[in-house]
Amino acid sequence: MDWMNLPPGWLLLVAISFVASCALWTGLLFCVSWLSGRARMMADGPELGSLALTLFRRWATPLLVVCFFTGFLWLACGPSDRLRAHWVYAIGAALLAMVALHATVGSRAERVVRGSLRASQGEGLRRAALLVSFGAILAFAALRTTLVP
C-alpha cells in the first residue's frame with residue numbers, strides 16, 4: 001500500500017490526533033505548573049514538586065513528541081499548497097511558544113524538587129500563556145473550514 005495514496009479519512013485521523021495530543025500536552029503542562037506553583041504553600045513542597053516532575057517527564061514530554069510527529073505528518077501528507085498558507089505559520093509560532101513554556105515549566109519543577117521556594121513564583125503567568133498559546137492553535141485551526149481539504 002502506498003502511503004501517499006491513503007484515503008482522506010486517514011489524514012483526518014492524523015489531524016484529530018494532532019489537536020488531541022496538543023490538548024493533552026497543554027493540560028499536563030498546566031497541571032505541572034499548578035503543582036509547582038502550589039509547592040510553596042505546602043509543608044511537603046519538594047514531594048509535590050517531585051509529583052510535578054514525574055508528570056512532566058512521563059507524560060508531557062512524550063506528548064510533545066507525539067504532537068510534533070502528528071503535526072509533521074499532517075503537513076507532509078496534505079496538499080503542498082498548505083505549506084504556503086499563513087495559518088500554518090501561525091500554528092507553528094504558537095507551538096514554538098508552547099515549547100518554550102514546556103522548557104521553563106520543566107526547569108521550574110526541577111528547581112522545586114531541589115527545594116527552591118522562589119522557583120514556584122510566576123507560575124500563574126505561565127499558565128495563562130499556556131492557555132493563550134493553545135487557544136491560538138485552536139483558533140487558527142478552526143479558521144480553516146476543514147482540517148483536511
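The residues of the chain are indexed from 1 along the displayed sequence.
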So which atom in [X] and which in [Y] form the shortest heavy-atom distance, rounded to 0.1 Å?
{"X": "Thr70", "Y": "Ser21", "value": "OG1-OG, 3.8 Å"}
{"X": "Pro62", "Y": "Arg57", "value": "CD-O, 3.6 Å"}
{"X": "Ala52", "Y": "Leu35", "value": "CB-CB, 3.8 Å"}
{"X": "Ala60", "Y": "Leu28", "value": "N-CD1, 4.0 Å"}

Which value, rounded to the nearest 0.5 Å, describes the distance between [X] atom [atom1] and [Y] atom [atom2]?
{"X": "Leu64", "Y": "Trp59", "atom1": "CG", "atom2": "CH2", "result": "15.0 Å"}
{"X": "Leu53", "Y": "Ser107", "atom1": "CG", "atom2": "OG", "result": "10.5 Å"}
{"X": "Ser33", "Y": "Leu125", "atom1": "OG", "atom2": "CG", "result": "9.5 Å"}
{"X": "Glu110", "Y": "Ser50", "atom1": "CD", "atom2": "OG", "result": "11.5 Å"}
{"X": "Cys67", "Y": "Leu63", "atom1": "SG", "atom2": "CG", "result": "8.5 Å"}
{"X": "Ile91", "Y": "Leu96", "atom1": "CD1", "atom2": "CG", "result": "12.0 Å"}

Just one of Leu29, Leu101, Thr26, Leu95 clears the side chain to side chain contact (heavy atoms under 4.5 Å, CB included) bar with Phe134, so which one?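 When Leu29, Leu101, Thr26, Leu95 are each tested with Phe134, the side chain to side chain contact (heavy atoms under 4.5 Å, CB included) holds only for Thr26.
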
Should [X] and [Y] be regarded as members of a common hydrophobic cluster, given that ILVMFWY residues are connected when their side-chain heavy atoms come within less than 4.5 Å of each other, either directly or indirectly?
{"X": "Val32", "Y": "Val99", "answer": "yes"}
{"X": "Met98", "Y": "Phe69", "answer": "yes"}
{"X": "Val132", "Y": "Leu24", "answer": "no"}
{"X": "Tyr89", "Y": "Leu75", "answer": "no"}
{"X": "Val66", "Y": "Phe56", "answer": "no"}

Sort and list the pairs that fulfil salt bridge (charged side-chain N to carboxylate O under 4.0 Å, His left out) and have at least one residue in residues 45-55, not counting sequence neighbours. none

Can you name the ring-ring contact (aromatic ring centres under 6.0 Å, His included) partners of Phe18, sequence neighbours left out?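 Per chain and number, Phe18 pairs via ring-ring contact (aromatic ring centres under 6.0 Å, His included) with Trp74.
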
Can you find a pair of side-chain heavy atoms, one from Trp25 and one from His102, that are under 4.5 Å apart? yes

Do Cys77 and Trp10 come within less than 4.5 Å of each other through their side chains, counting heavy atoms only?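 Contact flag for Cys77/Trp10 side chains = yes.
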
